[in-house]
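A short write-up of the structure that comes next.
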Amino acid sequence: MEYNHREIEQRWQHYWRENEIYRAVEKPGKKKFYVLDMFPYPSGAGLHVGHPLGYIASDIYSRFKRQQGFNVLHPMGYDAYGLPAEQYAIQTGQHPEKTTVANIARYREQLDKIGFSFDWSREIRTCDPEYYKWTQWAFIRMFNSYYDLDADKAKPIENLVAHFEKQGTEGVHAACSKNLKFTAEEWKAYSEKEKAEVMMNYRIAYQGETMVNWCEALGTVLANDEVTEGVSVRGGHPVEQKVMNQWCLRVSAYAPRLLDDLEKLQWSDSLKETQRNWIGRSEGAEMRFPVVGKDFDLEIFTTRADTSFGVTFMVLAPESKYVDMVVTAEQKEAVDKYLSEVSHKTERERQIEKKVSGVFTGAYAVNPISGKEIPIWVSDYVLAGYGTGAIMAVPAHDSRDYAFARHFDLPVIPLIEGADVSEESFDAKEGKMINSANDRLDLNGLEVKEAIAKTKKFIEEAGIGRVKVNYRLRDAIFSRQRYWGEPFPVYYKDGIAHVMDESALPLMLPEVDAYLPTSTGEPPLGRAKNWKTPEGYPIELCTMPGFAGSSAYYLRYMDPRNGNALVSKEADEYWRNVDLYVGGAEHATGHLIYSRFWNKFLFDLGMVVEPEPFKKLVNQGMIQGRSNFVYRIKDTNTFVSKGLKDQYDAAPIRVDISMVSNDVLDIDRFRQWRPEFADAEFILEDGKYNCGYAVEKMSKSMYNVVNPDDIVDRYGADTLRLYEMFLGPIEQSKPWDTNGIDGANRFLKKLWGHFNKLDKGSNAPMTKEELKTMHKLIKKVTGDIENFSFNTSVSAFMVALNELTAQKSTNPEAMEIFTRLIAPFAPHIAEEFWHGLGKEGSVVDAEWPEYDEANLKEDSVKYPVSFNGKTRYMIDVPADASKSDVEAAALAAPDAAKWLGDKTPKRVIVVPGKIVNIVI
RNA sequence: GCAGGAAUGGUGGAAUGGUAGACACGAAGGACUUAAAAUCCUUUGGCCUUUACCGGCUGUGUGGGUUCGAGUCCCACUUCCUGUACCA
């Protein structure tokens with residue numbers, strides 16, 4: 001009987017569906033395990049073979065955990081809001097929901113063919129009002145909360161208002177945009193509008209004038225993680241800096257906890273490191289530099305307090321509010337000119353040019369440590385968004401300050417012994433201090449680290465500043481001037497932003513006549529009719545960004561149809577958090593930060609029981625495409641095989657990989673591909689046309705896309721699953737190569753053949769060899785799955801089958817164990833075997849086998865015998881032989897004399913079970 | 001620049017400090033077949049020796065070190081990948 005994958009896979013997929021085998025139900029008292037995949041954005045292109053890689057791995061793991069007796073939650077859904085659907089809507093006028101729904105249907109069809117154990121009854125879509133209701137709900141809660149730095153958690157904003165009424169800002173330690181100072185009396189005297197502005201300064205979801213990444217081509221602002229190298233991640237459009245009034249989330253308030261709690265997580269070191277860099281903690285000091293002739297100070301932040309004696313000038317960011325305050329009348333014109341030049345440059349232009357530029361403000365400040373007067377400059381190499389937007393420049397020991405000083409001919413004072421600063425600055429934090437003393441502070445002779453500590457102490461004692469920890473992590477910009485996203489539950493009354501009552505949720509996304517900005521430049525929601533509250537107040541026109549809907553979706557899966565809460569107390573306390581999260585590393589600084597922030601906020605409010613959402617995280621690698629090329633000789637229709645192309649003037653042309661097998665071109669199909677190739681001529685090697693190849697991204701334009709549907713149709717889902725796992729370590733990126741898939745398919749065919757040869761009626765016990773093969777396999781596969789080493793477990797199955805074949809095994813018991821072990825990898829064929837062996841129920845619930853070390857023991861052990869570390873021959877000794885017996889056997893072996901000669905061994909090392917090494 | 005990771009046959013890759021190259025692909029040869037496909041068998045890191053068997057040498061990016069023994073541990077370097085960056 002042939003192995004008919006189509007029939008088998010259809011039968012069991014139907015069986016699983018009919019019997020609702022994968023439905024997860026809370027079972028108090030039964031240990032749970034939550035396995036989650038990063039849910040996909042349903043793009044129009046459908047899935048290619050790279051997409052299911054992580055899903056297959058997580059599916060194997062959740063099936064394994066289920067067989068081990070855990071109550072497994074393994075859901076799937078769609079991150080349905082996104083730019084591509086909206087761009088498509090702009091072009092075609094078709095509602096993005098329509099394309100999204102169609103794409104989801106296609107995704108589902110493709111996913112179903114692979115035989116995943118998802119509980120589809122828990123499916124969620126971020127664009128579903130029943131889902132985004134809870135995204136809007138969380139926003140309202142954030143709006144109504146502030147971050148208490150003493151308690152180190154979010155609290156209701158009413159608490160803060162009550163405090164203002166009693167004591168004003170006295171004793172308030174809260175995360176805020178600006179440090180405010182007022183008394184209770186002043187607070188009470190404020191108008192409604194003024195009060196609203198003050199509270200905005202503290203809310204966790206707040207509206208503020210901030211520097212944003214504005215992308216003209218997309219017509220929207222973008223978050224920092226959506227911009228890379230000055231262009232948008234989606235589409236690669238230029239991005240410029242602009243001040244706009246935007247909704248923001250005070251993620252920065254959570255920076256210390258986001259950093260500290262990384263310790264608790266079982267994530268890869270590289271991913272944790274990426275997050276640490278993104279959060280960017282740096283210890284330093286804030287110092288005040290009095291401005292000459294003015295009654296205010298410039299505040300700066302530095303990590304190199306030790307270099308204070310080498311400060312020869314100061315620099316302000318162009319956007320700094322201090323610029324206008326210090327500039328002198330004579331320099332005003334020059335400064336204004338510079339500011340306007342800088343403001344017209346995009347971020348990208350600034351980065352590419354990297355030209356030193358700047359202008360003197362005409363003002364001077366006093367170095368509070370050395371007492372010297374130094375000039376104040378403005379330059380765009382200082383960023384407004386980090387620290388205080390002003391720096392003390394130490395050209396001798398900072399390369400940027402150095403470049404600036406040399407360009408404008410400012411003095412450079414070396415502060416470290418032996419540092420040669422004639423050509424470049426000495427940035428390393430090492431060496432002994434020089435030139436750093438006056439009657440108040442003496443750093444000379446100290447090591448840099450000691451000098452930093454001493455200076456910090458001095459700064460605090462002298463009252464010229466304070467020790468401070470700075471974070472690079474900035475608040476998340478939460479507004480998008482787009483249509484296809486969650487509407488903000490916000491309306492404006494007398495110009496003051498109010499959130500809606502939770503009972504008004506969900507606030508449904510309205511219909512519009514076009515998906516473009518209005519003629520007055522308002523976002524697309526400006527086109528919606530009656531976009532007002534029942535009382536007639538206008539509603540916010542921006543929508544939320546992509547990460548809004550994906551920040552708490554893992555909680556919603558726990559209780560997806562609950563109309564009264566994001567997740568019920570019971571469901572949350574049972575499922576708690578994600579035990580294993582599988583997805584791409586590209587979300588390290590976006591989704592994985594926002595989700596952790598969102599979860600911590602809900603944790604502060606007592607809505608969830610776990611402070612971290614994802615306990616263990618595995619990043620699957622990307623599967624790249626493997627493109628093929630033919631080489632056309634210039635100005636001809638003749639193509640030369642790869643090995644001979646260097647003898648001609650030939651240019652590569654990409655060919656569709658479906659016409660190529662093992663890099664050999666199917667010439668007939670190539671001729672039919674395009675009319676221009678119909679009469680193509682070929683120069684062959686050994687009668688074949690060999691194509692060149694390259695590894696690149698899998699995409700239609702490269703003709704290298706492999707569709708999983710085609711693989712499933714031809715080889716079956718079980719083959720696809722085994723082969724994807726066999727490709728290599730799950731975390732590694734690798735090119736897809738359809739050629740190797742025959743190996744996985746052959747293995748299943750052989751296994752099928754083996755099954756059909758079984759002596760099904762037999763009750764005979766397994767032979768010693770069979771026992772050994774099976775227990776070796778149990779041990780290996782169990783360990784491999786725990787370590788996410790799926791490629792080696794697939795190999796182990798192949799080895800075990802070869803051994804059973806060599807043993808001429810027809811034992812159904814051995815096959816039964818094999819079936820249970822391979823069920824997570826190839827569930828369809830395993831189910832077929834399971835029922836074929838007369839077992840009850842589904843293989844999905846077949847108990848995971850345990851191995852017995854006793855069956856792995858050998859009667860005799862083979863030892864390699866080495867001389868000075870070089871293996872020379874093998875000996876065979878009884879398994880229970882003592883070390884000295886082994887040593888004697890090694891020296892008594894017939895080959896011993898040959899290698900030992902007339903020498904006597906200096907030492908003999910016997911490693912039990914491993915090796916004998918004779919030192920001569 | 002900084003941080004993290006990697007480097008093993010023609011290819012993907014395997015190896016708790018103990019016989020490097022498991023397993024698979026590809027390739028070569030053979031069996032079956034009118035033929036092809038499918039299937040099965042043999043060989044397959046390199047070099048040398050031998051009619052053959054048997055052997056030998058060499059070999060995990062480069063150079064050192066630790067060890068009886070290093071792909072594996074330590075130091076330095078080279079190359080590549082990933083992330084990030086005027087972050088003071």
Side-chain angles (χ1 to χ4, degrees), chain A residues 2 225 228-229 268-278 280-282 284 300-304 307 315 317 350-351 354 356 379-383 385-394 397-401 403-404 427 470-474 585-586 588-589 619 621-622 626 662-664 693 722-723 726-729 731-744 746-747 749-750 753 783 789 791-802 862-874 898 905-920:
Chain A
E2 285 279 292
D225 66 282
T228 181
E229 289 174 6
S268 70
D269 289 339
S270 68
L271 197 91
K272 285 193 198 176
E273 196 58 29
T274 303
Q275 289 217 343
R276 276 188 207 112
N277 289 342
W278 192 258
R281 182 180 196 273
S282 60
I300 60 99
F301 175 76
T302 181
T303 54
R304 292 295 301 273
T307 59
V315 187
R350 277 201 203 181
Q351 282 184 12
K354 274 205 172 171
V356 177
S379 173
D380 65 357
Y381 83 89
V382 175
L383 304 178
Y386 182 76
T388 60
I391 61 151
M392 63 177 212
V394 186
H397 303 288
D398 182 290
S399 50
R400 294 153 300 173
D401 296 344
F404 194 84
D427 290 13
N470 240 333
Y471 293 90
R472 195 174 76 93
L473 183 72
R474 287 185 236 172
E586 67 273 19
T589 53
N619 290 126
M622 295 259 283
R626 193 173 182 282
N662 286 324
D663 290 337
V664 176
Y693 73 90
L722 281 175
Y723 183 55
F726 185 71
L727 275 176
E731 308 213 356
Q732 212 166 291
S733 286
K734 54 233 156 189
W736 175 266
D737 187 356
T738 305
N739 294 326
I741 202 165
D742 284 330
R746 269 175 213 150
F747 162 72
K749 283 186 192 159
K750 282 188 216 166
S789 178
N791 56 332
T792 51
S793 30
V794 175
S795 295
F797 284 121
M798 293 177 176
V799 172
L801 179 60
N802 286 344
K862 278 197 177 353
Y863 278 87
V865 180
S866 300
F867 286 80
N868 292 339
K870 253 186 195 150
T871 303
R872 297 305 183 183
Y873 56 89
M874 305 292 294
K898 182 176 162 192
K906 274 189 204 141
R907 236 175 115 182
V908 179
I909 294 142
V910 178
V911 185
K914 300 272 185 181
I915 200 167
V916 181
N917 191 19
I918 298 166
V919 186
I920 47 179

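Chain naming here is simple, since letters A, B, ... match the order of the sequence lines and numbering starts at 1 in each.
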K750(A) NZ to rC40(B) C1', in whole Å, measures 10 Å
Do the side chains of R304(A) and D427(A) get close enough for a salt bridge, i.e. N-O under 4.0 angstrom?
no
Mind checking if K870(A) touches a base, just sugar-phosphate, or nothing, with heavy atoms under 4.0 Å?
sugar-phosphate
Taking a pair as Watson-Crick or G-U wobble with both distances under 3.5 Å, which nucleotide is matched to rA35(B)?
none
Taking a pair as Watson-Crick or G-U wobble with both distances under 3.5 Å, which nucleotide is matched to rA6(B)?
rU79(B)
Scan P729(A) against the nucleic acid and name what it touches under 4.0 Å (heavy atoms): base, sugar-phosphate only, or nothing.
sugar-phosphate
In Watson-Crick or G-U wobble terms, both distances under 3.5 Å, what is the partner of rG45(B)?
rU58(B)
Is the base of rG30(B) syn or anti, if syn means a glycosidic angle within 90° of 0?
anti
Polar atom pairs between nucleotides 63-71 of chain B and protein, under 3.5 Å, N or O only, would you list them?
| unit_1 | atom_1 | unit_2 | atom_2 | d |
| --- | --- | --- | --- | --- |
| rC68(B) | OP1 | R907(A) | NH1 | 3.3 |
| rC68(B) | O2' | N917(A) | ND2 | 3.3 |
| rC68(B) | O2 | N917(A) | ND2 | 2.2 |

Hunt down the Watson-Crick or G-U wobble partner of rC40(B), both distances under 3.5 Å, from any strand shown, or write none.
rG30(B)
Please report the interatomic distance CG(D269(A)) to OG1(T274(A)), rounded to the nearest 0.5 Å.
10.5 Å
Quickly work out the D427(A) CG to rG1(B) C1' distance and round it to whole Å.
9 Å
Ignoring the backbone of R472(A), work out which of rC86(B), rC87(B), rC23(B) is nearest its side chain.
rC87(B)
